[in-house]
2 protein chains.
Amino acid sequence: MSQIHGALQVLHSRGYRVTEPRKRVLKVLTEVQSPVSPYDIQEILHRKGEYLNHVTIYRVLELLCSLNLAHKVLLVGGFVKCTLGEGGGCHRFVVCRQCGAIREYADKALCEEENAIAQEFGFRAEQHFSEFSGICSECMASAMF
Amino acid sequence: MSQIHGALQVLHSRGYRVTEPRKRVLKVLTEVQSPVSPYDIQEILHRKGEYLNHVTIYRVLELLCSLNLAHKVLLVGGFVKCTLGEGGGCHRFVVCRQCGAIREYADKALCEEENAIAQEFGFRAEQHFSEFSGICSECMASAMF
DNA sequence: CTTTCTGCAAAAGGTTTGCAGTTAG
DNA sequence: CTAACTGCAAACCTTTTGCAGAAAG
């Protein structure tokens, strides 16, 4: 519960209500660690004997993403809880293609390099999406049978 | 037609057949310049009086992507024809959020920096997805009314 | 000719919408 | 209390599958 406390405060401070569905979705996101789809979340809750309508889950995720409390990982089409604070550049991901393990990071230097490249093309970059897929150390180890 | 000639050669040299549907999809991709969905492609062909089943378009796009002749742009969920050759790092995109204009580029230095970051997390990065959304010079100009 | 490819029909999945009833504050 | 939120039903859009017929080489 303490893990989601910060997020609940953000909800409250922005004038959104702290409801049971929102708490449940946040709880699942903090527990799973890897990207999950709305239906994954419903399934996980189901196994705990809890229930949420899928539409509600969609709407909660949309809200969380709009507040930067969660992110959609485009590469795998799932959602993760944001593990970073504000500032220091765009949030980026490394995803293990085998087990789905994910790490979030930010790197201001990368953002600046990318902005420079965009400028060469006459673009003003606003938002960077950067994900790379690879293989994590655990899966690497278990692959060398 | 000359624009798609190279792509057709790749198809042929890899043992795939050069068919009418494949030529049509490639032609649309070279003409539109911005990311299009399978149904967008069907619609564009329809306006020319041509027809392709949507399933065929899905399959053609899947093939083209597997051969790196096209890419799926995750940010907008559409497909573009690849405008780069092989080598020099992963293919990356800048997309205008207003008009959909897109530029593809590759930057080996960025790839290496990202690989180093992945390594810190114990990951071996294999594929980089990097897209940034921004605003292109034309839209920027027309925005300053 | 034969293998690959396309079209069709249908199903399966994912996402969105409007509205009535519920609940947080 | 009342504005914000959730659940439900239904629609909608996207993607996939299996199979029979067409076409490339």
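Throughout, protein chains are lettered first and strands after them, A, B, ... in sequence-line order, and every chain is numbered starting at 1. Just the heavy atoms: all of them, side chains too, but no hydrogens, waters or symmetry mates, feed the values below.
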Residue met sooner reading DNA chain D from 5', once Ser37(B) and Glu20(B) are mapped to nucleotides: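 Nearest nucleotide further toward 5': that of Ser37(B).
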Could you tell me the separation between the [atom1] atom of [X] and the [atom2] atom of [N], rounded to a whole number of Å?
| X | N | atom1 | atom2 | answer |
| --- | --- | --- | --- | --- |
| Gln9(A) | dG25(C) | CD | P | 13 Å |
| Glu50(B) | dG7(C) | CD | P | 12 Å |
| Arg24(B) | dC5(C) | CZ | C1' | 14 Å |
| His54(B) | dT15(D) | NE2 | P | 10 Å |
| Leu67(B) | dC5(C) | CG | C1' | 15 Å |
| Arg59(A) | dA4(D) | CZ | P | 15 Å |
| Leu63(A) | dC5(D) | CG | P | 7 Å |
| Asp40(A) | dT15(C) | CG | C1' | 15 Å |

Would you say [N] has OP1 or OP2 under 4.0 Å from some side-chain N or O of [X]?
| X | N | answer |
| --- | --- | --- |
| Thr19(B) | dT6(C) | yes |
| Thr56(B) | dG7(C) | yes |
| Arg22(A) | dT6(D) | yes |
| Tyr51(B) | dC8(C) | yes |

Please tell me which of His12(A) and Asn53(B) maps to the more 5' nucleotide of DNA chain C, matching each residue to the nucleotide holding its nearest heavy atom.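 Result of the comparison: Asn53(B).
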To the side chain of Pro38(A), which of dG7(D), dT15(C), dT15(D) is closest?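 The answer is dT15(C).
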Per Arg17(B) side chain, nearest of listed nucleotides dT6(C), dT15(D), dG25(D):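 Within the option list, the nearest is dG25(D).
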Lys108(A), NZ atom: more than 12 neighbouring heavy atoms under 6.0 Å: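 Result for NZ/Lys108(A): open.
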Heavy atoms under 4.0 Å, any strand shown: does Tyr16(B) hit a base, just sugar-phosphate, or nothing?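 Answer is sugar-phosphate: Tyr16(B) comes under 4.0 Å of backbone atoms only.
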Hey, any chance Val28(B) and Ile4(B) share a hydrophobic cluster, counting ILVMFWY side chains that come within less than 4.5 Å of each other, even indirectly?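 In one cluster: yes.
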Report yes or no: do Leu45(A) and Phe79(A) belong to one cluster of Ile/Leu/Val/Met/Phe/Trp/Tyr joined by side chain heavy-atom distances under 4.5 Å?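 In one cluster with Leu45(A): Phe79(A), yes.
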Would you say the side-chain atoms of His71(B) and Glu104(B) include a donor-acceptor pair closer than 3.5 Å?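 Yes, side-chain donor-acceptor contact under 3.5 Å.
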Set out, in order, the CA-CA distance, both residues' side-chain angles and the distance that settles side-chain contact (heavy atoms from CB on, under 4.5 Å) for Tyr39(A) and Tyr58(A), then state yes or no. CA-CA 9 Å; Tyr39(A) 281 102; Tyr58(A) 273 91; 4.0 Å; yes
